[in-house]
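Naming: A, B, ... by sequence-line order, numbering from 1 per chain. Predicted, not measured: the structure shown is a model, and the values here were computed from it.
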There are 2 protein chains.
Amino acid sequence: MDFGSANVTERNQLPPALAISTVIFALRSDGGRQALWMPLVRRIREPHLGKWALPGGPLSGRESLQDAAARNLNETTGLAPRYLEQLYAFGGLDRAATQRLVSIVYWALVQPGEADLARESENVKWFPADALPDLAFDHNTIVEYALWRLRNKMEYGPIAFSFLGESFTLAQVRGVYEAVLGRELDPANFRRHLRATPDIVPTDTFQQGGRHRPPRLYRYTGAASPDPGFPRRTP
Amino acid sequence: MDFGSANVTERNQLPPALAISTVIFALRSDGGRQALWMPLVRRIREPHLGKWALPGGPLSGRESLQDAAARNLNETTGLAPRYLEQLYAFGGLDRAATQRLVSIVYWALVQPGEADLARESENVKWFPADALPDLAFDHNTIVEYALWRLRNKMEYGPIAFSFLGESFTLAQVRGVYEAVLGRELDPANFRRHLRATPDIVPTDTFQQGGRHRPPRLYRYTGAASPDPGFPRRTP
DNA sequence: CCAAAAGTGTTAAAATTACACCCATGC
DNA sequence: GCATGGGTGTAATTTTAACACTTTTGG
């Protein structure tokens with residue numbers, strides 16, 4: 001179907017189109033300091049042809065919302081998300097010029113593994129989250145909101161571990177917080193905080209190869225639960 | 001259109017239907033103690049004919065999501081919501097037997113004014129939130145989630161005032177907290193907490209007619225903002 | 001030895017909690 | 001007066017924050 005030529009009257013009578021998009025965050029060490037990066041895809045059709053946009057697509061009839069988001073994310077980054085949660089349903093009347101469009105947006109945290117950042121192409125590219133270009137549709141607004149949620153949730157939820165691998169040093173965790181929140185944290189107090197969390201358990205191994213005293217490695221044993229895992233059954 | 005006879009194959013090829021529903025909360029003094037109540041509507045067609053359900057309906061092409069929720073709420077309770085925020089988009093595959101259904105659910109707080117609770121009918125009835133009947137679809141799960149969000153947000157957001165009128169006593173605010181959180185709070189400490197909030201300003205008037213010392217009335221001057229009002233532009 | 005991060009100790013300030021007590025009103 | 005909720009005072013406890021200091025490694 002091509003709605004491109006629908007006039008306003010016709011458009012108002014069409015049922016709203018339903019799409020799933022995902023805001024994907026990863027941490028990348030940007031020469032010493034860590035920073036948030038996200039992959040975007042280039043639009044290959046009108047509207048907004050050529051602009052960068054959030055990965056997404058129409059909702060197929062055979063997938064749950066979350067499954068659709070996860071598949072989309074995998075197709076874009078080649079990664080399985082460590083964390084995936086619904087962000088918001090955007091449904092303003094003027095989001096797309098040609099058709100009434102409702103987008104259910106998810107946000108995801110992935111760990112920067114080996115092949116991931118390499119999987120760039122003409123139409124998939126990673127950008128620093130604080131210096132995005134002018135995106136298609138209302139995607140700049142959506143990313144802002146996702147950033148707000150990420151920072152917010154970082155302050156109380158066990159989210160930082162989703163950026164990291166199986167084992168990690170406490171300083172790495174602190175690095176995640178500092179990168180996301182954009183401010184420095186006292187190493188001593190931060191350490192005590194983490195040590196008081198039952199879900200963070202010390203291992204017997206230490207990270208070797210650093211140029212200073214080898215830090216102990218830890219593991220996170222809790223669930224990477226979105227919310228208190230709440231919308232349990234149906235969504 | 002009637003999808004009632006669609007078989008599974010046909011169903012999977014239909015585009016998902018999109019509906020808006022709203023979880024509406026009000027506080028009702030239940031003989032001394034206050035308690036949460038919510039209005040439900042009786043289903044007048046299959047599926048789930050006769051069961052109670054959240055008020056809602058299909059998304060028309062000419063309304064924003066929030067407008068649709070507000071209209072729906074008004075049609076049900078006759079009230080304008082003091083607080084209205086998106087709750088979640090539910091899109092599990094098996095939510096409705098006949099058709100793939102995606103519901104964008106809002107939650108609302110209304111103040112129990114004059115005509116509201118009177119507006120009951122054969123098909124609209126108020127229930128105590130902690131003793132709901134078996135609802136249609138997955139609506140029991142949705143209400144549970146809404147209750148969780150309400151209690152959660154009550155602990156940090158300025159939400160309680162949306163249950164109350166223009167001016168109120170500090171004890172009334174405490175009553176809201178106690179009813180929603182389900183536990184008693186120290187009057188002295190609670191009072192100090194509120195007094196330290198700049199948005200709560202004392203008035204010159206006192207509530208008369210009580211059988212004890214007349215308490216001072218206060219006013220809330222802040223915005224009843226969902227989140228930090230964030231999804232600003234588009235949704 | 002020196003630099004630098006890992007890790008421990010200590011103390012002041014601030015927020016939370018518990019509870020004793022006085023005040024003002026209707027009956 | 002007296003019962004009752006409005007309103008104030010205060011001290012113990014816990015949490016947060018700031019920063020000095022010791023330990024262990026690589027060079």
Would you say the side chain of B/Arg192 and the base of D/dT10 hold a donor-acceptor pair, judged only by whether the two atoms sit under 3.5 Å apart?
yes

Whole-Å distance between C/dA5 P and A/Gln172 CD?
14 Å

Let me spell it out: for each of B/Ala171 and B/Asn189, pick the nucleotide of DNA chain D with the closest heavy atom. Which residue's pick is nearer the 5' end?
B/Ala171

Kindly compute the distance separating CG (B/Leu194) from OG1 (B/Thr169), expressed to the nearest 0.5 Å.
10.0 Å

Option passing ring-ring contact (aromatic ring centres under 6.0 Å, His included) with A/Phe161 (candidates A/Phe168, A/Tyr218, A/Tyr177, A/Tyr83):
A/Phe168

Let me know the distance between CZ of A/Phe168 and C1' of C/dA6, rounded to the nearest Å.
16 Å

Classify the nucleic acid contact of A/Ala188 as base, sugar-phosphate or nothing, counting any heavy atom under 4.0 Å across all strands shown.
base

Ignoring backbone atoms, test whether A/Arg211 places a side-chain nitrogen or oxygen under 4.0 Å from the OP1 or OP2 oxygen of C/dA5.
no

State which of D/dT23, D/dG7, C/dA4 makes the closest approach to the side chain of B/Arg213.
D/dG7

A/Phe206 atom CZ is separated from C/dG7 atom C1', nearest whole Å, by 11 Å

Side chain of B/Pro214, heavy atoms from C-beta onward: which of C/dT25, C/dA4, D/dG6 has the nearest atom to it?
C/dT25

Can you check the A/Gln207 CD to D/dT24 P distance for me, whole Å?
18 Å

For the pair made of OH in A/Tyr156 and C1' in D/dT15, what is the distance, rounded to whole Å?
20 Å

Would you please indicate if the ring centroids of A/Phe127 and A/Trp52 are separated by under 6.0 Å?
yes

Can you tell me how far P of C/dA24 sits from CD of B/Gln208, to the nearest Å?
14 Å

Mind calculating the distance between CZ (A/Arg216) and P (D/dT24) to the nearest angstrom?
12 Å

Are B/Arg183 and B/Glu178 close enough that some pair of their side-chain heavy atoms sits under 4.5 Å apart?
no

Examine D/dT8: is either OP1 or OP2 under 4.0 Å from a nitrogen or oxygen in the side chain of B/Arg195? Give yes or no.
no

Listed nucleotide nearest any side-chain atom of B/His193, set C/dT16, D/dT16, D/dT25
C/dT16

Rounding to an integer number of Å, can you tell me how far A/Asp186 CG sits from C/dG9 P?
16 Å

Does the side chain of A/Val124 come within less than 4.5 Å of A/Val41's, by heavy atoms?
yes

So does B/Arg191 get a side-chain nitrogen or oxygen closer than 4.0 Å to the phosphate oxygens (OP1/OP2) of D/dT8?
yes

